[in-house]
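Okay, structure first, notes after.
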Amino acid sequence: MLASLYKLPTAVRFMIFAAMGIFVLSAAEAIESGDFGRLTSDTAAQFMLKWSVPILLTGLGGLYAERCGVVNIGLEGMMILGTWFGAWGTLEWGPWIGILIGLFGGALGGLLHALATVTFGVDQIISGVAINILAPGLARFLSTEVFNNPTQSPNLQSLPKVSMPVLAGGWDTPDLLGDLAARNIFFISDLAGFSRGLMSQLSLFTLFAIILVPVSTYLLWKTRFGLRLRISGEQPLAGESLGVNIVRQRYIGVVVSGALAGMAGAFMAMELSGFFQEGQTGGRGYIGLAALIFGNWRPTGVLMAAMLFAYPFGMSRLDRDGTSSHALMLVVALALAAVAVWTYGQGRKVHAGVAAFLSVGMFAWYFASETAPSWLTNTLPYLLVLLVLVFAAQRLRPPAAAGKPYRKGGS
Amino acid sequence: MNSRLRSLGLAAAAPVAALVFATVLSGIVLLLAGSNPLVAFGDMLEHGAKLETIIDMLNRATPLYLSGIAAAIGFKMGLFNIGVEGQYQMGAFFAAAAGGAIVLPNGLHVIFILLVAMTAGSLWAGLAGFLKVTCGINEVISTIMLNAVATTGVLAWLTVKWRDGALSTNSGTKTIEESGHMPNMNWFVEIFTRDIRNSKELSGVIVVAIIVGIGYHLFVNRSRLGYDLRASGINPLAARAGGVPPKRMIMIAMLSSGAIAGLVGMVDILSRNNRYDQNFTPGLGFAGIAVALLGRNGASGIAFGALLFAFLDASSSILQITGSASKEIVTIMQGVILLAAVVAYEYVNRIRQREEIRLATLAVSGATA
């Protein structure tokens, strides 16, 4: 039965898993405090969506780069460039131009990375690390010169927000989902509330970022440009023999990658913090890479991963008394138990044993504690990545030539 | 013979060329920002020549050097240990916590702290190595994730402690007692020069760094294990055919890399601050990777790289006072030096490869002629 699930289109599968997830969250919260509706409230959904955008955009950036064969560790640095350039652009010319300038700043970083790796053949990881070292210094310098403050910019304007009509009360239409959510029916109300959160008060920037997902899927898998790009990352020598200019494809891919990371940075500065601040990226460039891996190098996968990773982070910002984060521990324990059953069914006894051990440990910790320690909620995304890599690595399929240098003629 | 000299000359010229390039580029950036680069650089050189600044430079170079060695151990094995950042934070955190919690007689206390630091860093790196050896997880991703776990985790611990009302606004581990302070080396320096002013102290950790450097060189270049390590890094399959177990090599490399990484924070913990708190210097892990790359993983090359970066950091502090430029120009310089050097090394490599092919063709055609 499980196998037949995989035959459904990705979007439908996505929604089924999401619904299952919401069910588990409601149940966990009910067990935790006899109350429900906070883990799945519309605010939780809004926060999750908001905070998933930087991860989504950097993940997509990583996708374009790795799909054309260049590993881009420098996403963090390009994102930092995006935060500064986005802030500067918004202050000078308003939010719309601000996005463009932020994109441009990130693209500059991408260009540098492409120059170093594709033209000069520098190791891709090293080049990425170098850009991550250069970018914050550059941002600091520019900030001192332009904002007279090395670590922060003045406040920025943001883009207008919209809400979905009829379902979520956009443009003064009836708020159907909101009514359903208010009735407090187990699971149905949670589902309604969560969905409403995903559709109300969306920044246009967020909407744009999400639209990029189906656009990217179409671009990369249904157009000739996408085919050329992907062959640069799978079999560059074969592509070369067919007349594809691998060098050009890789430049395009990496510059687009930088541009997306720059957009992510601009989003962080404009929508999430409201100003440029040193260190605001907080490692999201790396989480983006993790989302890329978790999403199996496909745009929809990256979106799912971004939301999954952003959820605990959003929750921890909302959760004032710690009960919701504590309920999350229960969810993690249940998920680990599910993984144990699943891997056992696949015959991977060792993995099943480890998952079971971790699950029991998590259950024990849950019952022994009152609240979740803050370091756990903050580090959850990274731990999730490691867990996925440990348990699901064989289902992952990276582009074959990613990370390998390319020389014309195959020397 | 001639071509060997030529390639050696090229190899030495690369970092110099990178430095010149970075200086010129930074000069242009300063000009665009409205500062006078000649005045700025002049200020830096003048300030940098002072004894106190040199002491400061050596203090900054010490953790950079240790970080570089840690990264280099990984590089020699073909591993990218990007996790030095997280490993040194873990090492410093646990060492400070342990060192503050107990009191031992003078020498023992310091050695205890050093050992805890090395163990914590080693274990944290070992985790990444373990994941690579058992599940095949690429160490780049796992070390980056573990970095984030370490930094956010410790940060969260600090924030919670602050929220709980511990100490003042600067929460951290318990301050280490006198017995756990590393003695300073001022008495040694003052044999050669005048008295050091401004209460600057040369941290004794520099002695540890020198020992580590010598040890690294001897281990990698003169020991059987080091040879195995390098062979495994260059060609794992061939090494395995020669009897070197690759998984064990990976673990040894990660564990030793992490152990040295743990020592990186010791200048802060043993000399400067004597506790782990918000003043702890971040970012040394990535800087160490830069320095290792600059120094091409050699003990003396890394030393030059560390001293260069440290000189730039130390001498730029004067810029805030004279106002001739923003001192952030130095971070740009460091980034550009790194990128330019790495590109230059690759370029030199390619020339050398072409040279080898050319010589080989000549030799072969000469033999058959």
Side-chain angles (χ1 to χ4, degrees), chain A residues 71 73 76-77 112 115-116 119-123 125-146 150 279 282-283 286-287 289-290 293 316 350-351 373-386 389-391 393-394 398 403 405 407 411, chain B residues 26 29-30 32-35 75 80 82 127-128 131 134-138 140-142 144-157 159-160 163 282-283 286-287 289-290 293 325-336 338-347 349-350 353:
Chain A
V71 172
I73 300 278
E76 180 80 7
L112 193 56
L115 195 66
T119 305
F120 289 113
V122 172
D123 185 286
I125 310 275
I126 292 179
S127 169
V129 170
I131 291 180
N132 285 344
I133 293 178
L134 181 57
L138 189 61
R140 205 155 211 259
F141 179 78
L142 290 169
S143 188
T144 317
E145 294 298 319
V146 175
Y286 300 123
I287 306 190
L289 275 177
I293 298 176
S316 67
V350 177
H351 285 93
S374 61
W375 65 260
L376 183 64
T377 36
N378 285 352
T379 57
L380 206 52
Y382 312 105
L383 293 173
L384 271 176
V385 174
L386 287 173
L389 287 175
V390 169
F391 289 108
Q394 43 182 196
R407 299 216 53 192
S411 57
Chain B
S26 311
V29 172
L30 283 175
L32 289 172
S35 318
F75 284 136
F80 282 99
I82 316 237
L127 187 54
L131 287 174
T134 48
C135 308
I137 298 180
N138 186 291
V140 173
I141 290 292
S142 58
I144 289 179
M145 292 299 120
L146 288 173
N147 269 356
V149 171
T151 31
T152 38
V154 173
L155 194 68
W157 181 88
T159 325
V160 168
R163 263 212 311 247
F286 294 113
I289 297 174
L293 290 169
S326 349
K327 74 174 176 69
E328 280 76 29
I329 191 69
V330 151
T331 355
I332 298 182
M333 274 190 84
Q334 289 171 337
V336 176
L338 173 62
L339 260 178
V342 168
V343 169
Y345 290 149
E346 191 62 38
Y347 190 66
N349 245 354
R350 294 214 173 156
Q353 275 177 355

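Reminder, nothing fancy here: chain letters follow the sequence lines and each chain counts from 1. Every heavy atom of this structure was used, including side-chain atoms; hydrogens, water molecules and symmetry mates were not.
Both the backbone and the side chain of B:Val342 come within less than 4.5 Å of a heavy atom of chain A. Of the two parts of A:Ser143, neither the backbone nor the side chain holds a non-hydrogen atom closer than 4.5 Å to a non-hydrogen atom of chain B. With a 4.5 angstrom heavy-atom cutoff, A:Ile293 touches chain B only via side-chain atoms. Residue contact with chain A, scored on non-hydrogen atoms closer than 4.5 Å, is absent for B:Val330. Neither the backbone nor the side chain of A:Leu142 comes within less than 4.5 Å of any heavy atom of chain B. Contacts of B:Leu338 with chain A are made by side-chain atoms alone, with heavy-atom separations under 4.5 Å and no backbone atom involved.
Of all heavy-atom pairs between A:Leu134 and B:Gly335, the closest is CD1-CA, 3.8 Å.
Between B:Leu293 and B:Tyr345 the shortest side-chain heavy-atom distance does not fall below 4.5 Å. Side-chain contact between B:Ile289 and B:Phe286 is present, with at least one heavy-atom pair separated by less than 4.5 Å.
Among B:Asn349, B:Thr152, B:Ile82, the residue with the largest count of heavy-atom pairs under 4.5 Å with chain A is B:Thr152. The residue among A:Ile125, A:Leu138, A:Val129 with the most heavy atom pairs within less than 4.5 Å of chain B is A:Ile125.
In this structure, the separation between CD1 on B:Ile329 and OG on B:Ser26 is 5.0 Å, given to the nearest 0.5 Å.
Remark: side-chain polar atoms of B:Glu328 are not paired, donor with acceptor, to backbone N or O of A:Gly137 under 3.5 angstrom.
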inquiry  = For A:Tyr286 and A:Ile73: C-alpha separation, side-chain torsions, deciding distance, then whether side chain to side chain contact (heavy atoms under 4.5 Å, CB included) applies.
reply    = CA-CA 7 Å; A:Tyr286 300 123; A:Ile73 300 278; 4.2 Å; yes
